[in-house]
Chemist: 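Provided herewith is a single structure, encoded as structure tokens, for subsequent inquiry.
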Amino acid sequence: MKKFLLLLHEDMQTMEKLSLKEMEELINAHFAWVEKLKSDGNFISGDGLESTATFIMGKECIIKDGPFLETKEIIGGYYLLQAASKKEMLAIAMECPAHLWGGTTEIRPIADYES
């Protein structure tokens, strides 16, 4: 099985507009989806991410804290998953609850240096 990182890109303005009920529905949808991924053997790990960030930039290692005002989209979480192929991973990602309120998912194959 090949490993993939599924990044959850969320629009900050959309997420801030969700009601408590909608936020609870979204969280519960993620929990249910994780249970399905576990039972199907695709789940390795995953977590939500806080909206703050620290960037270390360039050779001089300049430290900047974020998010920045111009940021409209954040990476709200990630899943480390496994699938037999990219095609299977695409099918899995299309079921991600992040899409319920307009979120975007990004699939990044994990490099395999042992093969």
Chemist: Under the 6.0 Å and 45° cation-pi test, does K64 pair with F55?
Modeler: no
Chemist: List the steps and the verdict of side-chain contact (heavy atoms from CB on, under 4.5 Å) for H30 and C96.
Modeler: CA-CA 8 Å; H30 275 282; C96 181; 4.1 Å; yes
Chemist: If Ile, Leu, Val, Met, Phe, Trp and Tyr residues are connected whenever their side-chain heavy atoms lie under 4.5 Å apart, and connections chain through other members, are I74 and L18 in the same group?
Modeler: no
Chemist: Do you reckon F31 sits in the same ILVMFWY cluster as W101, going by side-chain contacts under 4.5 Å, direct or chained?
Modeler: yes
Chemist: How long is the gap from CG on L6 to CD1 on I92, to the nearest 0.5 Å?
Modeler: 9.5 Å
Chemist: Please list, chain by chain and in numerical order, all residues satisfying side chain to side chain donor-acceptor pair (under 3.5 Å) with H9, sequence neighbours excluded.
Modeler: E73, E106
Chemist: Holding to salt bridge (Lys or Arg N to Asp or Glu O under 4.0 Å), I want the full list of residues that pass it with K3, two or more places apart in sequence or in another chain.
Modeler: none
Chemist: Please report the closest heavy-atom contact between K36 and S39, naming both atoms and the distance.
Modeler: O-OG, 2.9 Å
Chemist: Quick one: CD1 on I56 to CD1 on I62, what's the gap to the nearest 0.5 Å?
Modeler: 11.5 Å
Chemist: Counting N and O atoms only, with roles assigned by atom type, does the side chain of E10 sit under 3.5 Å from a partner on the main chain of A98, one being a donor and the other an acceptor?
Modeler: no
Chemist: Quick check: closest heavy atoms across A29 and P97, and the distance to 0.1 Å?
Modeler: O-CG, 3.4 Å
Chemist: Got a sec, which residues hit ring-ring contact (aromatic ring centres under 6.0 Å, His included) with W33, two or more places apart in sequence or on another chain?
Modeler: Y79
Chemist: Quick check for you: to the nearest 0.5 Å, what is the distance between L5 atom CG and Y78 atom OH?
Modeler: 8.5 Å
Chemist: Mark yes or no for whether K2, through its side chain, and I110, through its backbone, hold a donor-acceptor pair below 3.5 Å.
Modeler: yes
Chemist: I'd like to know whether L26 forms a side-chain contact (heavy atoms from CB on, under 4.5 Å) with M15, so could you lay out the CA-CA distance, the side-chain angles of the two residues, the decisive distance to 0.1 Å, and finally the verdict.
Modeler: CA-CA 10 Å; L26 178 59; M15 296 307 289; 3.5 Å; yes
Chemist: Can you tell me how far CG of L8 sits from NE2 of H99, rounded to the nearest 0.5 angstrom?
Modeler: 8.0 Å
Chemist: Does some side-chain heavy atom of M1 sit less than 4.5 Å from a side-chain heavy atom of I44?
Modeler: no
Chemist: I'd like to know if the side chain of D65 reaches the main chain of T54, judged simply by a donor and an acceptor atom lying under 3.5 Å from each other, with no hydrogens or angles considered.
Modeler: no
Chemist: Mind checking the CG-CE spacing from L81 to M89? Nearest 0.5 Å is all I need.
Modeler: 4.5 Å
Chemist: Nearest 0.5 Å, what's the OG1-CZ distance between T105 and F4?
Modeler: 13.0 Å
